[in-house]
Amino acid sequence: MHSRLPLDFIVIMVTTLYPHSLVHVRALSGADAINALRPFYFAVHPDFFGQHPREREVNENSLKRLNGYLENLQKPGTRSVQPTKLTFYVREIKDKEDIQKDILPHGFRSVSFTLQTKDVLTTVMDVLKSCSLSTEHMKGLKASSESPKSRQPVAGHGNPFYRPIKWDKSYYSFTGFRDPEQELEQAKKVEPTLSLWLRNHEKEATKKQNASVPQREELKRLKKELCQKFALEDIRWQRSWGVTHRCCQLQSLSRLSQQNPEAVLNLRGHTIIFTDQSGMNASGHVMLGTMDVHHQWTKLFVSLPSYRSLHQQTEWLKERISHVLGGIQVIDIERLGPVQPIEEHFSILNTFHKRLLARRLALHPRSLQGLAMTLENDRSSPSLHEMGHFIIPATCEPSRLQTFLQSMAWEARQRIKHRNQLQAEEEEVLLHCLEGLALRNLSKEPSVRHNQMIPCCRRLLEVRSPLMEGLRVEVSHFYSVMQDGDLCIPWDWKG
């Protein structure tokens, strides 16, 4: 039997776990939302899906979209936010009989829902309910208007929505929940050396890789056939689906082309990306949602002329913005975040362009030539990425933007120069590693940086393990054997 807890400790825990139960009439701020969504973050945090790269990537992308959605709701003057479809893989922390039927073999379940809420409180409730998580701690909360001054920032650089605040250790001992930091620390301690892990998993990887050869050949044939048939620039995948899954997607597109050849003709000259939603992305590529049926794909193909027109307008806006901002190029980097629909991209560009026109800037026409910037809705202040491109909020005040760009232009050029040097160095060492280890293929996750990949490859060349010969290797953040035999190793593997 547990000993009775002191009254003052219970009061502290209640106000920590359920801070809103003592506050009845106040709006939900960013900090409140983080507190209220803690059970959700604990269930979907990507760090717990290290051995499941596909699910980890889905959660990363969905959390970023949720982050942006919540921030947009808190911006002054925001009347409505575009509906956002989210998919999460939710860890089962406690046994729940009513949802056991949906649990996947690895101990988590897939949950999809669309947010169409107009305030933070309703959004938090929807997220918790959609994931079958308790909302008891939300009782007593009532939404009310709050002035812009009282709003707390939801997230900023280094403090995104999907990274939960650290809880005091007493929380875990009091509730019985597992401490995520402690679990991750234990996982790191028992992480094997590369040689030991290869000895234990090389046979499994080789077996799966050999079994996948026919499907890989079929995938290559289907892709080439569809690209030639419809004069496609390329066919890509946003996520790391298996070879069989990719083949099924191409076969589905092939069947549709036979059923409705006229609609598919609009695809000529485009790049197709299989992803979570259908439409066109900011780069002008056609997105085919893998969960959508043929009717939805056909509807998209018919609408492609309108999408192309919208994409042309976005390109014009980029040119106008570049002209006003000293020749800086507006770019969209797909691999650094979730796919941005063309409608959203146009809206951001249009808002930013209007703000620039409202105030004439004194920038030399070519003073920022050779530099690049991305526009984002979920940023509150401009910043310079480590790779040299600027990250600019769409609502950034023009005079502040001019000062920031001019003051950071030299540093941006230095970072770009350093990035190009690292990129060339990475390509060289990757080629040496591919040949020196006799690998069938060597790649890396987009989240692995150049300064992580380069030392990783050099260390692999020093070890030269014969167990890696003929395998497909992907440098990642964890060890894993993928379903098609691809071998994932962490960039900082232990020797």
Side-chain angles (χ1 to χ4, degrees), residues 28 30 33-34 36-38 40-41 43-47 49 53-75 78 80-90 108 110-131 133 153-164 237-240 273-283 285 287-292 332-349 351 374-380 391 393-395 446-447:
L28 209 62
I34 291 175
L37 284 173
R38 276 173 172 169
F40 164 74
Y41 293 134
V44 303
H45 199 294
D47 288 348
F49 291 82
R54 177 176 175 273
E55 289 77 9
R56 175 173 172 264
E57 187 176 3
V58 171
N59 282 10
E60 284 276 10
N61 288 337
S62 292
L63 284 166
K64 289 175 184 177
R65 294 178 68 83
L66 174 61
N67 171 31
Y69 189 92
L70 288 166
E71 283 209 32
N72 287 334
L73 284 176
Q74 293 203 115
K75 290 180 180 177
T78 301
S80 62
V81 180
Q82 289 290 329
T84 301
K85 182 179 180 181
L86 301 173
T87 297
F88 288 102
Y89 286 93
V90 183
F108 45 78
S110 174
V111 176
S112 296
F113 53 92
T114 300
L115 292 177
Q116 302 184 66
T117 48
K118 297 182 180 179
D119 60 80
V120 178
L121 173 60
T122 310
T123 303
V124 170
M125 293 292 288
D126 271 17
V127 171
L128 293 172
K129 289 179 180 178
S130 297
C131 296
L133 296 171
V154 178
H157 186 68
N159 182 32
F161 237 111
Y162 60 94
R163 293 294 179 183
W237 286 264
Q238 181 66 20
R239 294 204 263 105
S240 304
I273 299 181
F274 286 96
T275 182
D276 296 320
Q277 57 182 325
S278 294
M280 180 177 282
N281 72 0
S283 301
H285 302 325
M287 301 187 298
L288 296 184
T290 58
M291 300 300 291
D292 293 340
D332 178 67
I333 307 177
E334 295 175 21
R335 64 181 181 82
L336 293 183
V339 177
Q340 188 180 62
I342 189 70
E343 302 94 332
E344 183 181 339
H345 190 54
F346 174 80
S347 176
I348 293 174
L349 287 169
T351 299
T374 61
L375 279 172
E376 295 189 9
N377 255 343
D378 57 353
R379 292 271 174 171
S380 57
I391 305 173
T395 56
S447 58

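Just so it is clear, the structure is predicted and the values come from calculations on it, not from any experiment.
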Over all heavy atoms of both residues, which pair between [X] and [Y] is shortest? Give the atoms and the distance, please.
X	Y	answer
Leu66	Val127	CD1-CG2, 4.1 Å
Val111	Ser130	CG1-O, 3.1 Å
Pro341	Met287	CA-CE, 4.3 Å
Leu73	Thr117	CD2-O, 3.9 Å
Phe40	Leu63	CE2-CD2, 3.8 Å
Leu86	Ser62	CD2-O, 3.6 Å

Point-to-point distance, once rounded to the nearest 0.5 Å, from [atom1] of [X] to [atom2] of [Y]:
X	Y	atom1	atom2	result
Leu115	Leu70	CG	CG	8.0 Å
Met280	Ile342	CE	CD1	7.0 Å
Thr374	His345	OG1	NE2	10.0 Å
His45	Glu60	NE2	CD	8.0 Å
Gln116	Thr123	CD	OG1	11.0 Å
Glu344	Asn281	CD	CG	11.5 Å

Any side-chain heavy-atom pair from Leu37 and Leu128 closer than 4.5 angstrom?
yes

If the condition is side chain to side chain donor-acceptor pair (under 3.5 Å), which residues does [X] pass it with, not counting sequence neighbours?
X	answer
Thr351	none
Ser278	Asp292
Ser112	Thr87
Glu343	Tyr307

Quick one: which of Asp332, Ile391, Leu349 gives a side-chain contact (heavy atoms from CB on, under 4.5 Å) with Leu375?
Leu349

Residues that Tyr69 engages under ring pair (Phe, Tyr, Trp, His ring centres under 6.0 Å), provided they are two or more places apart
none

Considering residues at least two apart in sequence or located in another chain, which fulfil the side chain to side chain contact (heavy atoms under 4.5 Å, CB included) criterion with Thr290?
Trp241, Gln249, Phe274

